[in-house]
Amino acid sequence: MKKKAGRQITRRQFVSSALTAAGAAAGMPALLRGRNLNDKLNIAIIGAGGRGITDTAGVASENIAVLCDVDANAVEKAAMLHPGAKKFTDFRKVFDRPGDFDAVVVCTCEHTHVFATMLALKAGKHVYCEKPLTHNIWEARLVRETASKLKLATQMGNQGHASNNHRRVKELIQSGAIGPVREVHVWVNRAWGIQSREAAVRNKDIVIISERPKEADPVPPGLDWDLWLGPAPARPFNAVYVPGPKWYRWWDFGNGTMSDLGSHRNDLAFYALDLRAPLTVEATADGPAHPDLAPATMKVTYEYGRRGDMPPLTLTWYQGEARPQLWTEGRIPQWPDAQLFVGDKGMILSTADKHVLLPENEFAEFVPPPETIPNSPGHYAEWIEACKGGKPSLANFEYAGWTTEANHLGNVAYRAGKKLHWDAHAMKATNAPEADQFIRREYRKGWKGLLT
């Protein structure tokens with residue numbers, strides 16, 4: 001820790017003062033708080049292994065100044081490509097030297113996203129955080145509201161948001177090509193989580209398990225298991241948790257397919273239809289919610305009110321073996337992962353890089369509207385340009401915070417076991433006080449203070 005006037009400065013005091021300084025900096029002209037586009041940012045990578053390998057490569061046009069991972073082997077492997085970077089295993093210690101970097105890329109497991117992200121924001125650093133933005137709704141609200149005060153460059157790792165296909169679908173909807181949209185159906189075929197052994201085999205799950213293991217496996221060399229657990233309840237190491245993405249099915253560490261792929265697949269509906277907080281949410285799956293494991297197959301129905309001149313909307317999410325009736329009856333192309341927008345005059349079926357207007361024979365002579373939404377320079381390029389004083393990236397934390405809250409609400413409804421009437425302002429299900437326990441969580445000793 002640093003010293004001042006003969007006394008110790010705690011990390012809480014440091015980040016509090018940094019927050020004030022960052023807020024002042026946010027009011028400066030972009031030229032002063034940004035950088036010349038030819039300058040290189042100094043970037044700290046928190047979570048250098050797993051998904052962090054791809055994200056590090058995505059920002060490698062800049063200077064990788066810091067590498068951190070709870071697995072020392074991942075740090076050493078990354079350091080082979082970035083030998084000048086400082087090396088850490090505990091990301092909390094990275095912020096003891098904030099002058100070493102300008103921006104932070106957070107690629108840890110989901111349950112520690114909020115801690116690394118908040119330390120970065122409070123230190124006045126630009127932040128890129130992998131999806132989902134946080135582990136729960138309360139954390140998403142905290143991150144979004146904190147970021148909105150600081151005016152830093154932020155971005156969540158939902159790479160598809162930068163796709164040109166997203167822009168073309170939004171233009172089609174804005175043009176009225178299929179009329180007012182009243183229904184959206186979103187489905188993904190990943191079926192990982194709690195399910196029968198037969199279903200797990202059929203769906204090629206990477207882990208077949210129905211209860212938390214009681215036995216301990218040897219901790220792999222180089223892995224700091226206590227740091228990996230971070231704020232989550234302590235438990236013995238077992239190979240069913242790591243490496244990723246095994247962990248994402250366990251409630252203590254992740255939220256299953258809903259929050260993981262929901263960040264990608266629900267994104268287009270949020271973007272094209274200006275969605276934020278739903279009015280109600282209802283989830284169904286085979287059997288009651290498991291105390292430890294997220295479901296493999298689940299259906300979630302969201303009801304949204306009017307947005308400007310757009311009518312009320314029902315968005316239905318299907319994961320695993322669930323599908324919309326139009327799909328099962330073969331009345332639309334049976335794409336394995338897609339979004340279907342149902343309007344008064346037709347439908348749009350879309351996936352990551354393509355879309356089609358339906359019924360196709362009725363749109364055979366259709367002329368697309370002019371392209372009015374500029375194409376993205378690239379997912380990582382958007383954030384880097386924003387860090388250097390350019391326009392905000394489209395997947396910034398204001399946008400990502402709302403989408404993360406909605407995705408988490410699907411799991412909250414499933415775990416609460418009832419349809420939720422959602423008061424977004426109060427962050428409560430007005431008809432289900434039992435849902436409160438899933439909106440935020442308790443943290444292990446030594447972690448909660450990092451968020452205050």
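Nothing fancy with the numbering, it's 1 onward along the sequence.
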CA sep, side-chain torsions, deciding dist, call: Phe91, Phe115, ring-ring contact (aromatic ring centres under 6.0 Å, His included): CA-CA 9 Å; Phe91 67 73; Phe115 296 93; 7.4 Å; no
Residue pair Trp250, His290: steps toward the ring-ring contact (aromatic ring centres under 6.0 Å, His included) verdict: CA-CA 10 Å; Trp250 299 94; His290 192 281; 7.7 Å; no
Start with the C-alpha distance between Asp274 and Lys170, add both sets of side-chain angles, then the distance that settles salt bridge (Lys or Arg N to Asp or Glu O under 4.0 Å), and finish with yes or no. CA-CA 10 Å; Asp274 298 331; Lys170 184 177 176 74; 3.7 Å; yes
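With sequence neighbours left out, Lys391 forms a side-chain contact (heavy atoms from CB on, under 4.5 Å) with no residue at all. Applying the salt bridge (charged side-chain N to carboxylate O under 4.0 Å, His left out) criterion to Asp252, with sequence neighbours excluded, gives Arg212, Arg235. Qualifying salt bridge (charged side-chain N to carboxylate O under 4.0 Å, His left out) partners for Lys428, counting only residues two or more places apart in sequence or in other chains: Asp436. Taking the salt bridge (charged side-chain N to carboxylate O under 4.0 Å, His left out) definition, one finds that Lys87 meets it with Glu76, sequence neighbours left out. Every side-chain contact (heavy atoms from CB on, under 4.5 Å) that Asp260 has, sequence neighbours left out, goes to Lys131, Arg190, Tyr248. Contacts of Tyr304 classified as ring-ring contact (aromatic ring centres under 6.0 Å, His included), with partners at least two apart in sequence or in another chain: none. With sequence neighbours excluded, the residues forming a side-chain contact (heavy atoms from CB on, under 4.5 Å) with Pro180 are Arg182, Pro311, Asp344, listed by chain and number. Residues passing the side-chain contact (heavy atoms from CB on, under 4.5 Å) test with Asp205, sequence neighbours excluded: Trp192, Gln195, Ala200, Arg249. Here Glu183 pairs with nothing under the salt bridge (charged side-chain N to carboxylate O under 4.0 Å, His left out) rule; sequence neighbours left out.
At a threshold of 4.0 Å, the pair Glu434-Lys418 counts as salt-bridged, since one of the basic side-chain nitrogens sits closer than that to a carboxylate oxygen. Note on Arg440 versus Glu139: no salt bridge recorded, every NZ/NE/NH1/NH2 to OD/OE distance being 4.0 Å or above. Remark: Asp96 does not engage Lys93 in a salt bridge, criterion side-chain N to carboxylate O under 4.0 Å. A salt bridge links Glu62 to Lys388: one of the charged nitrogens lies within less than 4.0 Å of a carboxylate oxygen.
Shortest non-hydrogen contact noted between Ile384 and Gly58 is CD1-O, 4.5 Å. Scanning all heavy atoms of the two residues, the minimum distance from Ala386 to Pro392 falls at CB-CA, 4.2 Å. Summarising the geometry of Asn42 relative to Asp100, their closest heavy-atom pair is CB-O, 3.7 Å, with the distance given to 0.1 Å. Minimum heavy-atom separation, Phe253 to Ala232: CE2-CB, 3.6 Å.
There is a side-chain donor-acceptor pair under 3.5 Å between Thr280 and Glu303. No hydrogens or angles considered: nothing links the side chains of Asp102 and His126 as a donor-acceptor pair under 3.5 Å. Side-chain N/O atoms of Asp267 and Asn158 include a donor and acceptor closer than 3.5 Å.
From Lys149, atom NZ reaches atom CG of Leu121 across 11.5 Å, with rounding to the nearest 0.5 Å. Interatomic distance, Thr257 OG1 to Asn407 CG, rounded to the nearest 0.5 Å: 11.5 Å. Note: Asn63 CG to Asp39 CG = 12.0 Å, rounded to the nearest 0.5 Å. Here the CG-CG distance, from Asn266 to Leu261, works out to 10.0 Å after rounding to the nearest 0.5 Å. Taking CG from Asp71 and CG from Leu223, the interatomic distance works out to 5.5 Å, rounded to the nearest 0.5 Å.
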List the atom pairs, donor and acceptor, that lie under 3.5 Å between side-chain atoms in residues 44-56 and the rest of the protein, sequence neighbours left out.
| residue | atom | partner | partner atom | Å |
| --- | --- | --- | --- | --- |
| Arg51 | NE | Glu130 | OE2 | 3.1 |
| Asp55 | OD1 | Tyr380 | OH | 2.5 |
| Thr56 | OG1 | Gly52 | O | 2.6 |

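Residue pairs meeting the ring pair (Phe, Tyr, Trp, His ring centres under 6.0 Å) criterion with at least one partner in residues 138-169, sequence neighbours excluded, are His161-Tyr271, His161-Tyr399. Residue pairs that meet the salt bridge (charged side-chain N to carboxylate O under 4.0 Å, His left out) test with at least one member in residues 153-168, sequence neighbours left out, are Arg167-Glu382, Arg168-Glu171, Arg168-Glu371.
Side-chain rings of Phe88 and Phe95 stay apart, their centers remaining 6.0 Å or farther from each other. Taking the six-membered ring for Trp and the full ring otherwise, the centers of Trp247 and Tyr241 sit at least 6.0 Å from each other. Taking the six-membered ring where the residue is Trp, the centroids of His379 and Tyr128 are separated by under 6.0 Å.
Heavy atoms from other residues, nucleotides or ligands lying under 6.0 Å from NZ of Lys77 number 12 at most. Applying the 6.0 Å contact sphere to CG of Asp286 captures no more than 12 heavy atoms from other residues, nucleotides or ligands.
Looking only at distances, a side-chain donor or acceptor of Asn396 sits under 3.5 Å from a matching main-chain atom of Ser393. For His135 (side chain) and Trp251 (main-chain N/O), a donor-acceptor pair under 3.5 Å exists by modelled atom type.
Judged by a 6.0 Å distance limit and a 45° cone about the ring axis, Arg265 is not positioned over the six-membered ring of Trp317. Cation-pi geometry between Arg92 and Trp447 is satisfied (NZ or CZ under 6.0 Å from the ring centre, within 45° of the ring normal).
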